[in-house]
Every structure is written in structure tokens, then in C-alpha cells.
Amino acid sequence: MRIAVIRFPGTNCETETIEAVRRAGGAAQLIDYRETSLGGCDGVILPGGFSYGDYLRSGAIARFAPVMQPIKALADTGGIVIGICNGFQVLCEAHLLPGALLHNAAQRFSSRPVDIRIERADLAVTREFAEGECIRIPQAHGEGRYVADAETVAALEADRHVVLRYVSVPGSDMPHNPNGSVADIAGICNPAGNVIGFMPHPERLADPVLGSDAGHRFFTSLVQAGAVEMTG
Amino acid sequence: MSHETRPTALPGEPPVTEELVRDHKLTDSEYTAIRSLLGDRTPTLTELGIFSALWSEHCSYKHTKPVLRRFPTTGPQVLQGPGENAGVLSLPDGWAVAFKIESHNHPTAVEPYQGAATGVGGILRDVFTMGARPVALLNSLRFGPLDDPRNRYLFAGAVRGVGDYGNCMGVPTLGGEVQFAPCYAGNPLVNAMAVGVLRADDLITARAHGVGNLLINVGASTGRDGIHGASFASEDLSAESEARRPQVQVGDPFTEKLLLEASLELIESGIIVAIQDMGAAGLTSSSAEMAARGGVGVELDTSLVPTREAGMTPYEIMLSESQERMLVVAEPHQVEAIQAICRKWEQDATVVGRVTDDGLFRIVHHGQLVASIPGQPLVDGCPVYHPDAAEGPEAVARRAATPGAPDVDPEEALRRLLDAPSIASKRWVFEQYDGTVRGRSVATPGGDAGIVRVDDTDFGIAMTVDCNARHVLLDPFEGGKGVVAEAARNIACTGARPLGITDCLNFGNPERPEVFFQFVEACRGISEACEAFGTPVTGGNVSLYNQSPTGAIDPTPTVGMIGLLDDVRHAVPSTFRQVGDAILLIGTTRGHLGGSAYWAEVLDAVVGPPPPIDLPRERAVQEILIAAAAKGWLGSAHDLSDGGLAVALTECCIGGPWATVTFGADIDLARHADAVSDHGWLFGEDAGRVLLSCSPEHVSALQALAAMHGESAHYLGLVGEPEGDVVVRRDDRRWSWPSRDLRRIHLDAIPRRMSVPVLAGES
Amino acid sequence: MMFRVHVRVTPRPGLLDPQGTAVEHALHALGFAGVGGVRVGRAVDFALEAADEAAANADATRMCERLLANPVTETFTVAVES
Amino acid sequence: MMFRVHVRVTPRPGLLDPQGTAVEHALHALGFAGVGGVRVGRAVDFALEAADEAAANADATRMCERLLANPVTETFTVAVES
Ligand SMILES: Nc1ncnc2c1ncn2[C@@H]1O[C@H](COP(=O)(O)OP(=O)(O)O)[C@@H](O)[C@H]1O
Ligand SMILES: [Mg+2]
């Protein structure tokens, strides 16, 4: 699988995201938001950053960029589309995922590690984890409070579309939920499981040189998923 | 363009009267100098504005030049010293680091959010103007006490502004400091530092040359923002200056991110001659300084500059401080290539002038010549002043004084120290700053210094900003040395070697002898320390007139230091990691309480001489840390600063900002420095001391290493159980605190105070 | 014809509005006891060239539906003046 | 008496409004060519208990001056309805 990493004006996590994919043995390519095709890539990551400065609402303007057309098409045909942080916000604004991400409940930007539980270990970015496994990776956002109406949330839970959840670990004196997301939701997927969005940043902690590579397996999973797809 | 030689006033433009001259903060003698420079004619309004900007303290350094010249600025590692937008030091494998610190104090006093945000935007431009990609930010903040709602408002707004700008730019903030003291209530300080990396051979400087080359305005269009910002930054804050407040500069980090990418691509493509950001005094200083550096003239046509508002005059266009703008010099045949790159990043690129051979700084507006000034003297012809410097009697008295209040029981005293916002954890602050974007952060805020890995190499850049203004106030010379010494200690604690500094000299009104004495002496102290450590000054920024109706601020010469860590895998954390590790103290304890945080925060007395700084011994301590880290002997290393041993031991035990365990500790001070008082031992701030932890088998090796450098590593005790007590014994005395309680106090001090609402209005 | 358009975008009723709650607490703390049910949203003002007021209204409404408001979380009102 | 108060807080004229600019560009890109001078601010709605409309107005204005608007960078308008 070849991963298209999308750059909108204001995207700022594209470099480390591409590096993380390559470190996991995958192929990644930077794609400009003005493109109308994915240049032969069969997977997409919408990386973090501040597309269009997060003006109006994060992801609200990026949603209309030309590149979103081929991305929607890929998603509709079951192709893998991942949104990290700002990418997650774009996917919600584009209605490829339900709900919305609003300003953190504390009304402050929150940059710190979060403890998250892997709720689904059968998806493109989680297959290298065990279900229920907890890891600590960085998170940094001002608009990460996931909200959706009661029915939507109930459906997400019932259909197990919650992929990552904030959990509290003993001894931590930070609120385990950094932004007030409903049901401690940190990441979700669409019914088919091929469109996945989450707020934390595994790509920022995917290299042992930094003291931990807790995020590395998101990308080995992704590369695995690609391999399986090709053989199977 | 224009062929007239004598500039004329525009229709409807006010005549230049003595009053108007005074309005522009130019003295009679300066005005006389200007007239003779112009061949004894009266300047036009535009010319007057240009002079007032470039001859302001902020741009001309007219009070400080002679003092700054004494800084050591050379060394084998220096690729670019003072005089450019940022200093540059060489790193291994052909890499280099560009870094600079700058103040945005007055704008922050007026509008904290935008003032702080545009401060960060400005310092980032200084760094990428050199061809460096910004990889880290730091910030040094000073505010009045948090019990006052106005101070909470300024603090909260500035922190949000610093965060929002850097976060949107995708540059991690890896360090800083925050202090609170009454003297900053009317005059908060916001100093922002940016660090960038580049390939040494991509280094580009801001020198215009090549007669006939074009000047190109890149980036945002020009509005009436911050007109007179430069002279505004050079006067005391008063009710009257509030009234004459310039249009607030609004930052647009989104545009700056695109401008950053466009600028770096322009530089890498090699199609431009020079590039310079438009900071204070915008187009005026950028064009005049580029011309002067290159020894050429320039002619600008202000009617070509893209403006945000209709009907802007050349005066306004030349003095506007609209953000996110760059000035590029290029050969005419490159203009289209330049515009193509700018279009890719959605930035305007407009030709606004050309390089000339007559050495004149000429401004044309719709064909009319409105300014014609000899370029060189315009930039460095401002009269230089040598103010009187004399220590004030109250300063002498302060240094000689001792606290009136009796000592406070050590267990209670430590709790109060940890609850003092200046000493407490700054987690509430740096949690609002993205610390991990770019995926190269080896050490985020919370330790002694931040560390960022250079691209995919093994080495990293360590960085810190420090200033103990209380020590500088009590003894500017020793305090000045101390600022550099603490910064170097912070760098060395991570295992990195100090390479060089940038400084931000925040002082009061230099025309007051007691203030200028502080300035001269602090600079002398900084110079001596930099000489001793081999860490040259590569640039910096002077902010004077930090003077509110309530008086001058404490002298605050903030130092930003850069260090090199050969292998980021050997980075040493600042907190204990392992039960049973040995705790060692490097350095000599004399129980020096003068100028200490204990006296200031607990006994409410900012008095006494600050600790003397022994530079050779500081250097020795640095060498010990660097060697021990390289050998992998250190579990942790943390320098002793505010609050002395008790606070440092606490910080080592309670863990970093996100830790889930605290450690107990059991140390015994008996048989060490017996003559020292209990409070001196616990809270004294003798310099050159570091608290280490290491696995027991390395103790003797560490002690031998220390001895080899003429220092001693005193064995104090052991790291205790998780969630255990912090115990300090001395002969028949025993003090103890539950480590979890100490952590709670340290972490809650600021959030508790900030949970009270902050006001937007009533500024 | 040129019109001035004033758009208000507010959080859907029932949706939690922490900013509104924080502002309400702050107002109470400042002694404004009579305040309740504070909701904080967005105000968007602009000039709009349109054939007539009805057309301006229709355009502005489309803008809200497509960009200015997020139907999942927000409601909007449009006011047009000439 | 209970009143409903609608406050609009907008960036001062002449001040750069990057958000407004971004929204304007987006609207143009979506084909809304007739839009110009977009300014984005805050809308604050609340209920207010006051003696009469004049008092409600005065209270709301004080709230804007003290908390809801930043006098350095923003202007505000207050609309009261009963
Ligand atoms: N404004 C700030 N921004 C980022 N980090 C900060 C800020 N203020 C303090 N810190 C971080 O908090 C930690 C403690 O600060 P400080 O007590 O000044 O350290 P030190 O005493 O070692 O200089 C350091 O890691 C510092 O980088
Ligand atoms: Mg300190």
C-alpha cells in the first residue's frame, strides 16, 4: 500500500507522519491539497496541524479542498483513510465520520501525554495491538472535545465504532480526559472500519531514540494492513 | 521612478514644527544632527517619521552600543555573530543552529494576547530569515502577583498568545521561565526565543547589493498596525502613552506558516540575493538596514506597496508594523521565479523598489520624491549617549540588610516555597504549548533544559532561558555572572555542552544613573561568565524604559543558551528514576541565604548579597556533568537554584509534569558543611551545585571524576520508595514530607490562583 | 444592490457549552447576579451584493448551511439590512 | 422582568482580522462572489433579570465593558428583547 499524506495550507505534522510510515517499512508520499487525484496512492493519512489556521472551525475550510474529492471516492470504495488530530476534525466536517470536535472543555490548548485504551484491535492502525491494551502517547490540540447527539453516541458504542478511549491510570494527577469528550472518546471509525479518526499523535512518539516508540505500532499495523490487502 | 533630488511635502501634510519633532521623541540635538545630515534643510514628515523610528532606542541602541561592544562574540563555533537577524553556531556534520531572543514587553502591556503572539511571530521570522527552519521556541515571562485580576488577565492572555502562535506554526515550545514580582505589575515582560537548524552552507545574510537589483515585498499587505511601535517601545508607559497607543498589531500565524515555507524555498532555490523580515519600524528598518549593510542606496515606491486600507500615506506605509511581511532583494530576471514560488504558498510578491548606487535612502510616492536621506548615517549616525552610571544608595542598603522576620520552621517553609508561583510547577503554562510537534522533542518542558534532535542525526540541541532578576537587583555584576552560570548548569545537567548565548536585556530608564549602573554591571558580569565558559554572545535584544508609574522593573537580563548533546540517547533527566539510587551533591555548600527565594518568598525580604559566582568552579561542574552523562553514569541531574537544596530535592522526588509516581528520599546532612545553619543548608542558594542520582556502583567513579576536576561529590543518601516520604536528617534533627503532598502543592499553586475569572475589560 | 449581513451562529440547544458556562460564572463572580443561560457562539458580518433583499437572505442562508455553521452542533440566524 | 440579551462582539475597524479574511476567501472559492469585508467575532446570548429595558441595556453594556469584549481590539453591540 502507498500512503498519501495530505498537506493543506497550515498542515504542520506531515514530515513526522511520512517518517513514521517509512520507519514502519511503508511507502508514503506528500500530496498537495490542490491535487484532484491521489497520485496512485491507495491509502490516505490526513495529518495534524492547523489547516487554514483552524479559522472558523478546525477542518471547516479544508473540507472543501479539491483533494477531498478523490479521498471521499477512496473512502466510499473501502480504501483506508486515517485522520490524525486536525485530520480527524476534517473527516468530521466532511461527514466521513459522525459528530464534531469542539473547543476543549477547559477552553485551553492541551499539550501532554494521554493514556488511551485500544478498543478495537482489528483495524488498519490497531491490528498490531491487543484489544484493551493501554498506551501513553502525546496529544496536542485546542479543539478535541468530541460531541455527537445521544443516538449517534449510543450507536458508536453499540456497533463498537469507538477505536481509542481516554483512560485514567493510577498515580496520574491530570484529568484522564483532556478535553471533555463524550464517553472519553479519543478516536472512532465509520461502520465499514476503513475511515478512522483520532486526536492523539502516535507519529510523534514512533522512534526509540525519543525514549519511547509507543506510537510505532500504529504504523506497522497500517503497513501490515496494506500487505494483507494486497495478498488477500 | 523619480529624478528630483529635493523631497517635497505631500498636499495636506502637516508642516514639521518643533512640537511635531518632540512628538516623534527626537531631542533637539538629534534634530540638529538630522538637519545637518540633510544639508541643513527641514525634513519632510515622512523623513521625520523614518528618523524617529531608526533613531529610537529600539533600533539605534544609542544608549547601549558602547556597552554591548564589550561582549565576547567570537569562537571557533561562531558562524554568525551579532548584527544579523539571528546568531548562528556550527554543529557536527555540516549542520548549524540559528537562534535569537527578543522582547515584546510594551505591546503585551497594551494587549497581552496579540502582544505576546506577535512577539513569537517576530522572533520566528528572525530565525527563518537566516535560512534556518525553526525547530523550537522558548519564552521568558514576568508578571505582577496573581492575586491581582489585572495581572491574571495579562498572564493568561500572554500565555495563550505565545501558545496559539507557536502551536499554529508547528514549532514545539521546549523551555522557558515564569516569575512573578510586584515590579512587573505595570510592566510585564514577554521575551520569546526561537531556535532553528540549517545546513551551514545554506546560511544567508541580509545584505542588499547589486545596483539595479529589485526590492520585493513578500507576504501580508500593509495596514496601519503598530505605527510608531518602535518609538512606542522606547518611552515610559504612562496614561498619556496609553492614549497615543498605536493600532494594535494582530498576528496571523496561518499566514506566517506559509511565509515561512515560501521564504525557505526562496532561499534554498538560490534565486534571491538577500532577505530580511519586517519587524520594528517595518519597511523602514528592513530596507534601510539591508542597504546600509550592503553599502548601497535604495529607492522605494510606497505607492506600489500592497495596502490593507485605502489612502495610506508614505509615512504610514514606511512605519507600519503589520506582521508577516518580508523584504527580498533579487536580480530583475528572477522576479517571475520568485513570484511563482510565492504563489505556490499563496503569498503576494510585489516589486516595491530597487538598489541604487548613490547611497541614498529615497522614497517615492506616485512619482513624487517624499524622502531622500544619506543611507549610512541614517542607520548608524544617531548620536550615541554615555549616560551616568551610579549605584543608588537604597541598592547598597538592600544588599547590606537582613530579614526582619524570624526563621520559619523548615517543614512549613518548604511548603510555602513550593506554593510560591515563581517556584511552583509551570505545568499550567507549558501544557498550553505544543511540545511534541515535529516528532523530534527529546526533552520537553519540565526538566532543566529542552532538547530537540537535529533531523535524523544522533545529536541534539539543548536549550534554556534563565534570569534570576532578584540576584541581579541585589548585585548586578555577580547576578549577571549568575544568570549565565545557571543557564550553563541547566544545559550541562542534561549532558550537553554549552555553545553560546543570546541575551534579552530588560531594564528601566537608562537616563537614570542607578538603572544604567545595573545595565553596565550586569553586562560586565555576563561578559566575564561567557569568556570563562567559552560561550560567546551571538546576538540579542535590548528593552529599556521598562518603567511604569510605580517605578522601574528589577533588572532582568534574560539569557538564552544553546548546547550540544552528542548523543540524544544519553540525555539525562532531571528527576529521580530508581528506588535505591544514590543521591550525590556536587559543589560546595556555604549556606548562602542572601537574595534567596526563602528570604524573598517566605520572609518577604528581598535583601542581602546574592551568592558569589566562582566561574572556574562552575566550569568544572559543567565538565563533570558532561563527562558523567557520556559515560552513562547518571540516573538524573538537577541544578540547585531558587529554593536551594530543599526545592531541588523535592523536584527530583515528585517527578516530571506528567509523572505517575513520586519517590521518597532519605538524606543525611551530618558530616557535611557542619558550620552551616539548618536553613542555610536547606534553602541557601550557593551557586555551582547540582543534585545527582546514580546507581550505587557508580558512586565511587563519580566521586573520583569530581575530584579530578577539583570538586567534591558528597554522598547524601538514597532514593526512597514510590509514594514515600522525603526525609532530611541532620544530627538530632529530622524533617519529613510525604512526596505526594509536595507534588500536589507544587502543581496546584498556579492553577488554583488562575481558577478565578480573568477580566478582558478595564485595561 | 449592496446589503450588510449579520449572521449569528450559536450552539444547538441541549448541547453542552462550557465556554458559556465559564462566562456565566465569571459574570456572577463580577456581581451580575441576574444573568442566566449564557451561550457563546460566533458573529459573522459581511457586505453582500445581491439583486434584492430576498436574494441576499437566500445567499446568506446558503453560506451558513455550507460553511459558516456546522449543522451537527450549531444553529444560525441571518439578518440582512440595506 | 426577564429579558433576552443578544451581544455581538466584533474586531475593531482597521484591525487585521485573519479569520475574516480566511472565511472570505473560502466563500469566494465556494462561488459566493458577492461577499466582501467579512469580519468574524463572537455572539453571546443570555437571559437577564432587570427592572426595565433601560436597566437591562445598562447591565449588558457593563458586562461587555468588563468581560465580554476586549476594549483594545473589539467593539460590541447590545440588543435587548423582552
Ligand atoms: N513559560 C514557559 N514556557 C515553557 N516552559 C516553561 C516556562 N516556564 C517554565 N518552564 C519550564 O518549567 C521548568 C522549570 O522552570 P525553572 O524553575 O525556571 O527551571 P530552572 O530553575 O531549572 O531554570 C523548566 O523545564 C522550564 O523550561
Ligand atoms: Mg529556576
_Interface residue of largest heavy-atom contact number with chain D, from B:Arg308, B:Gln323, B:Glu111, under 4.5 Å_ = B:Arg308
*State the OG1-CD distance between D:Thr73 and B:Gln249, to the nearest 0.5 angstrom.*
13.5 Å
*Which pair of heavy atoms, one from B:Val248 and one from D:Leu15, lies closest together, and at what distance?*
O-CD2, 3.2 Å
*When rounded to the nearest 0.5 angstrom, what is the spacing between OG1 in B:Thr118 and CG in D:Leu16?*
11.5 Å
*What is the minimum heavy-atom distance between D:Pro18 and B:Gly251, and which atoms define it?*
CG-O, 3.8 Å
*Looking at CD of B:Gln114 and CG of D:Asn70, how far apart are the two atoms once the value is rounded to the nearest 0.5 Å?*
9.0 Å
